[in-house]
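Taking it in order: structure first as structure tokens, then the write-up.
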2 protein chains.
Amino acid sequence: MSVSGTSEVNRFIAGHTPSPETRPNVNLSDCPSRLVLEHVTSRWGVLVLAALLERSYRFSELRREISGVSEKMLAQTLQTLERDGFVHRDAKPVIPPRVDYSLTALGRQAAEQVWALARWAEGSLPEVFAARSAYDGVRV
Amino acid sequence: MSVSGTSEVNRFIAGHTPSPETRPNVNLSDCPSRLVLEHVTSRWGVLVLAALLERSYRFSELRREISGVSEKMLAQTLQTLERDGFVHRDAKPVIPPRVDYSLTALGRQAAEQVWALARWAEGSLPEVFAARSAYDGVRV
DNA sequence: CAGAATCCGTACCGATACTG
DNA sequence: CAGTATCGGTACGGATTCTG
């Protein structure tokens, strides 16, 4: 197996590089899955997907639910997830505006995957903390 | 469900905040799993775990295997994963030095989890790319 | 060979102010 | 209410140099 990760690679695969023959010599044929992973496993991406897994939310509801997220990052995260086809954005033409966010079928798959990973991570916390203590104790 | 994510929160849980009574008012009782996730789902963390899933590697082998990673980031990633108890570091006292990296039992669990996620992500690439094209097409 | 240390650009991210 | 625009600090990460 051979894996790679370069920003040029990402841009190439994303389709923004016009001429395929100018592709760098790195083996970018492997692991383009990072292009998806880095969005669904991003700091706020995980939390947004987890929240939407149980029900749909309005923008301000999400902002309250996910404590600590700024408007900017929430909007940015939602746009990225919408662009990737994970989140459906339903903007009702009313005043004041009302926008509901929900998971698409694909998004539900993603959410369940990362949720499973998060559950495992939560379960392994004791072991991880123990390992960190041991490591730090020795290194001092 | 309520999720949170603040750097202060992370520092608190990590055990670097001496006085627990100075804890911020955010609800940090939820989702500390991010403390583990951000390491195993990091850019190079995923690739390192994936590589070590099939066999153990030496430092320079890993560096070649994961094209695009700098020495600094590979060393840093390996140290983080070792500290969390996912990677075992076996430094042989020879000259020139030889260091073998392998997965611990816990690390194998982590690797299999992220690998499953990566496999799903790879499979969903066509749908994601299609969604991106549709989104970008409309937005132009 | 396996790293540690340093320098430094940049991209991320939060805070703030503004808009429809 | 649901964002966008702008600014600025910071931390991430790459390139280079040095060491046991």
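To find a chain, count down the sequence lines: A is the first, B the second, and so on, and within it residues start at 1. Note that this is a predicted model, so its numbers are computed, not measured. Heavy-atom basis, side chains included; hydrogens, waters and symmetry copies ignored.
Remark: Arg58(B) is not in phosphate contact with dC1(C), judged by side-chain N or O atoms under 4.0 Å from OP1 or OP2. Using a 4.0 Å cut-off, no side-chain N or O of Ser70(A) falls inside it from OP1 or OP2 of dC13(C). Within the 4.0 Å cut-off from OP1 or OP2 of dC1(C), not a single side-chain nitrogen or oxygen of Tyr101(B) is found. Between Arg43(B) and dG13(D), a side-chain N or O to OP1/OP2 separation shorter than 4.0 Å is absent.
Counting to the nearest Å, the C1' atom of dA2(C) and the CD atom of Gln76(B) are 16 Å from each other. With rounding to whole Å, Ile66(B) atom CD1 is found 14 Å from dG13(D) atom P. Rounded to whole angstrom, the span from the CG atom of Leu78(B) across to the P atom of dG13(D) amounts to 14 Å. As a whole-Å value, the separation of Asp100(B) CG from dC1(C) C1' is 12 Å. Per the geometry, CD1 belonging to Ile95(B) stands 15 Å off P belonging to dG3(C), to the nearest Å. Here dG14(D) presents its P atom at 11 Å from CG of Leu74(B), a figure rounded to the nearest Å. At whole-Å resolution of the value, CG in Leu62(A) and C1' in dC1(D) are 14 Å apart. dA11(C) atom C1' lies 11 Å from atom CE of Met73(A), rounded to whole Å.
Ser70(B) places a side-chain N or O within 3.5 Å of a backbone atom of Met73(B) that can act as its donor or acceptor partner. Between the side chain of Thr104(A) and the main chain of Gly107(A), a donor-acceptor pair closer than 3.5 Å is present. Under the 3.5 Å distance criterion, the side-chain polar atoms of Ser56(A) are left unmatched by any main-chain donor or acceptor of Asp100(A).
Nearest-nucleotide positions on DNA chain C place Ala75(B) closer to the 5' end than the other of Glu71(A) and Ala75(B). Comparing Lys72(A) and Arg98(A) along DNA chain D, the residue whose closest nucleotide (by nearest heavy atom) sits nearer the 5' end is Arg98(A).
A heavy-atom distance below 4.5 Å is found between the side chains of Val48(B) and Leu74(B).
Residue contacts for Arg63(B): at a heavy-atom cut-off of 4.0 Å it reaches no nucleic acid atom on any strand shown. Residue-level contact check: Gln79(A) touches the backbone only, with heavy atoms under 4.0 Å from sugar-phosphate atoms and none from bases.
In this structure, Arg55(A) is positioned above the aromatic face of Tyr57(A), its NZ or CZ under 6.0 Å from the six-membered ring centre and within 45° of the axis.
Minimum atom distance to the side chain of Pro97(A) is reached by dC1(D), of the listed dG3(C), dC1(D), dG14(D).
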